[in-house]
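What you see below is based on every heavy atom in this structure, not just the backbone, and it leaves out hydrogens, waters and symmetry mates. Every number for a ligand or one of its atoms is a count from 1 in the order of the listing. Since we're looking at a predicted model, the values are computed, not measured. Residue numbers count from 1 along this sequence.
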Amino acid sequence: MTDTVDDVELPYDDGASKQEKIESLEERLEVLESQNEDMRDKLLDANAENNKYQQKLERLTHENKKLKQSPLFVATVQELTDEGVIIKQHGNNQEALTEVTEEMRDGLEPDSRVAVNNSLSIVKSLDDETDVRARVMQVDESPDVTYQDIGGIKDQIDEVRETVEMPLKNPEMFDDVGITPPSGVLLHGPPGTGKTMLAKAVANQTDATFIKMAGSELVHKFIGEGAKLVRDLFELARQHQPAVIFIDEIDAIASKRTDSKTSGDAEVQRTMMQLLSEMDGFEDRGDIRIIAATNRFDMLDRAILRPGRFDRLIEVPEPDTAGREQIFQIHTRTMSVADDVDYAALADLAEGASGADIKAICTEAGMFAIREDRTEVRMTDFREAYEKIKQEEEDEDVSRTFA
Ligand SMILES: Nc1ncnc2c1ncn2[C@@H]1O[C@H](COP(=O)(O)OP(=O)(O)OP(=O)(O)O)[C@@H](O)[C@H]1O
Ligand SMILES: [Mg+2]
């Protein structure tokens with residue numbers, strides 16, 4: 001492997017005839033070409049492997065950072081005194097005196113909002129309220145997922161359209177009949193079955209403003225801020241009617257009460273109370289619909305499920321055989337697939353796979369084709385991809401069964 005161009009040994013003796021020289025050079029060339037081919041294959045494999053580890057690394061680094069980060073609390077500046085700054089913590093309303101640098105002090109005035117750490121030092125100024133808001137919610141005019149991109153859950157799609165899309169499109173129909181349209185739907189089911197996709201497709205279909213908030217983000221960002229963000233969320237929706245509020249991973253803020261009394265739990269409780277009261281106070285809900293999603297239905301506090309809050313609970317299950325076939329077709333739409341690929345057989349093979357698993361299988365099958373220098377993806381690629389994805393899931397010891 002240390003050969004350089006200069007120290008390549010000639011594969012013949014000086015005394016060899018011209019013909020002999022040519023022959024031995026050709027032989028040598030052939031060997032080198034095949035070695036080169038081998039190395040290229042290995043390189044591709046190594047690259048793919050590297051990619052995978054890179055992704056794992058990123059995930060772990062992110063997780064690690066999240067765990068190490070001590071929580072920040074939100075406080076309001078009360079007074080600037082000679083001894084320091086008096087702040088009042090949100091949540092528990094305690095006042096405290098804290099020292100600040102000159103530089104920081106210049107940027108503060110009574111009523112400024114600041115983020116403080118555990119020891120009540122001011123970490124940063126939070127002047128721009130919309131900034132905090134923007135980080136948690138994304139206002140998306142129209143995501144690009146459509147109903148045609150979702151396979152195997154037709155009944156669920158129909159139900160969501162009927163409860164969310166219809167009232168936004170034809171509110172007068174509900175007026176004429178004299179019923180109040182359902183306020184919201186809760187999608188629940190195992191991971192990777194299309195819940196988030198479905199919510200996005202609704203927003204796409206209705207031209208409504210799509211305001212997305214992930215429950216988990218809300219809880220982890222700023223302690224003392226969750227309830228306010230929920231208020232802001234509904235306010236933002238009112239300003240942008242017609243709007244769909246999508247609360248993904250709602251289990252993060254609406255889990256069953258636990259007995260422990262840590263500040264984190266109390267914070268989650270306050271956030272959930274605010275959510276409940278916003279949903280109850282939703283008298284004139286003509287132009288705002290709520291969709292929430294969770295894969296931890298068992299964890300939800302029953303209060304969130306009372307009538308008038310989520311009127312429809314829609315279970316999004318793992319796809320059945322016909323559903324899997326459809327999802328295979330959807331995810332291979334833009335791939336060049338060989339004639340021998342049998343979608344029904346694939347659907348049978350991938351028993352227990354979720355939509356997200358199927359997508360992974362299709363991408364991996366494409367990788368197998370690329371490794372063999374083909375542009376067409378064959379049935380064998382899909383089979384190998386299935387084995388690989390299945391193995392990976394088993395290695396990661398995911399709790400769900402991928403039979
Ligand atoms: N029914 C489906 N039809 C087509 N593709 C799907 C389906 N379900 C999942 N997928 C694929 O898996 C990806 C993840 O799906 P999605 O984010 O909607 O899952 P989810 O149900 O929200 O999962 P989680 O509970 O983990 O949030 C999608 O981007 C899509 O590529
Ligand atoms: Mg989701």
Side-chain angles (χ1 to χ4, degrees), residues 55 59 62-63 136-138 140 143-161 164 184-205 210-219 244-255 290-300 313-335 343 346-347 350-367 382 385-386 389-390 392-393 396 398-402:
Q55 276 173 12
R59 231 174 32 219
H62 178 75
E63 204 59 30
V136 182
M137 302 171 210
Q138 294 162 22
D140 211 317
D144 55 7
V145 180
T146 70
Y147 296 120
Q148 283 75 45
D149 301 327
I150 310 174
I153 48 172
K154 181 160 187 325
D155 291 348
Q156 285 79 2
I157 294 178
D158 287 346
E159 200 172 347
V160 169
R161 296 189 70 167
V164 182
V185 299
L186 175 66
L187 307 174
H188 63 98
T193 47
K195 300 180 293 298
T196 302
M197 270 185 112
L198 182 48
K200 289 185 173 169
V202 171
N204 179 323
Q205 189 64 33
F210 189 60
I211 305 174
K212 182 184 166 203
M213 180 180 78
S216 57
E217 266 185 303
L218 223 160
V219 170
V244 176
I245 295 180
F246 174 43
I247 308 175
D248 210 354
E249 305 165 40
I250 194 174
D251 42 289
I253 47 169
S255 289
I290 304 170
I291 306 178
T294 179
N295 55 33
R296 293 304 313 270
F297 188 65
D298 54 311
M299 294 257 300
L300 290 189
L313 305 180
I314 301 177
E315 183 180 0
V316 183
E318 299 220 305
D320 59 11
T321 316
R324 290 195 296 276
E325 187 174 339
Q326 259 185 38
I327 300 173
F328 267 113
Q329 274 161 349
I330 288 170
H331 286 293
T332 48
R333 270 198 307 233
T334 57
M335 294 168 61
Y343 293 101
L346 283 176
E351 161 123 48
S354 69
D357 293 329
I358 293 175
K359 180 178 182 195
I361 293 171
C362 294
T363 308
E364 196 59 49
M367 286 300 299
F382 282 99
Y386 164 74
I389 301 287
K390 185 173 141 188
E392 277 175 12
E393 298 232 335
E396 283 181 16
V398 282
S399 54
R400 85 202 132 100
T401 46
F402 187 5

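- Within ligand 1, the atoms closer than 4.0 Å to a non-hydrogen atom of I150 are 1 (N), 3 (N), numbered from 1 in the order shown.
- One option in G192, G189, A360 has a heavy atom closer to atom 9 (C) of ligand 1 than any other, and that option is G192.
- Counting heavy atoms under 4.0 Å from ligand 1, residue I358 does not touch it at all.
- Not one N or O of I327 is nearer than 3.5 Å to an N or O of ligand 1, by distance alone.
- For the atom pair I250 CD1 and I291 CD1, the distance stands at 12.0 Å (nearest 0.5 Å).
- At a threshold of 4.5 Å between non-hydrogen side-chain atoms, the residues V202 and F246 do not count as touching.
- When side chains are defined from C-beta on, Y386 does not count as touching L346, because their heavy atoms never get closer than 4.5 Å.
- Classification of the F382-F328 ring pair by plane angle, with boundaries at 30° and 60°, yields perpendicular.
- The nearest protein atom to atom 4 (C) of ligand 1, hydrogens excluded, is given as D149 O, 3.3 Å; this is a heavy-atom distance.
- Applying the 4.0 Å criterion to heavy atoms of A356 picks out, from ligand 1, the atoms 9 (C), 10 (N), 11 (C), 12 (O).
- Regarding atom 6 (C) of ligand 1, its nearest protein heavy-atom neighbour is M197 SD, 3.5 Å.
- Contacts with ligand 1 closer than 4.0 Å are made by side-chain heavy atoms of H331 only, the backbone lying farther away.
- For atom 10 (N) of ligand 1, the nearest non-hydrogen atom of the protein is G355 C, 3.5 Å.
- Separation of atoms CD1 (I150) and CD1 (I330) is listed at 8.0 Å; rounding is to 0.5 Å.
- Within a radius of less than 2.8 Å around the Mg ion (ligand 2), the protein N, O or S atoms are T196 OG1.
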Verdict with reasoning, L198 to I314, per side-chain contact (heavy atoms from CB on, under 4.5 Å): CA-CA 11 Å; L198 182 48; I314 301 177; 5.9 Å; no
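- The shortest side-chain heavy-atom distance between R333 and D149 falls under the 4.5 Å cut-off.
- Counting heavy atoms closer than 4.0 Å to ligand 1, residue K359 contributes side-chain atoms (C-beta onward) but none from N, CA, C or O.
- A salt bridge links R296 and D298; the closest N-O separation between the charged side-chain nitrogens and carboxylate oxygens is under 4.0 Å.
- If you take CD on E315 and CD on E159, they are separated by 11.0 Å, rounding to the nearest 0.5 Å.
- From I389, atom CD1 reaches atom CD1 of I361 across 6.0 Å, with rounding to the nearest 0.5 Å.
- Proximity of T193 to ligand 1, defined as any heavy-atom pair under 4.0 Å, is shared by backbone and side chain alike.
- The single protein non-hydrogen atom nearest to atom 22 (O) of ligand 1 is T196 OG1, 2.7 Å, given as residue, atom name and distance.
- The closest side-chain heavy-atom distance from R324 to T321 is below 4.5 Å.
- Here the options are T146, V145, I153, the test is side chain to side chain contact (heavy atoms under 4.5 Å, CB included), and the partner is M197; only V145 passes.
- Set against the non-hydrogen atoms of N295, the atoms of ligand 1 under 4.0 Å away are 24 (P), 25 (O), 26 (O).
- Summary of contacts: the protein heavy atom closest to atom 1 (N) of ligand 1 is G151 O, 2.9 Å.
- A heavy-atom distance below 4.5 Å is not found between the side chains of Q156 and D158.
- Side chains of Q326 and K154 form no contact here, defined as non-hydrogen atoms less than 4.5 Å apart.
- When each atom of ligand 1 is checked for a heavy atom of P191 under 4.0 Å away, the hits are 23 (O), 24 (P), 25 (O), 26 (O).
- Below 3.5 Å of separation, one finds an N or O of K195 facing an N or O of ligand 1.
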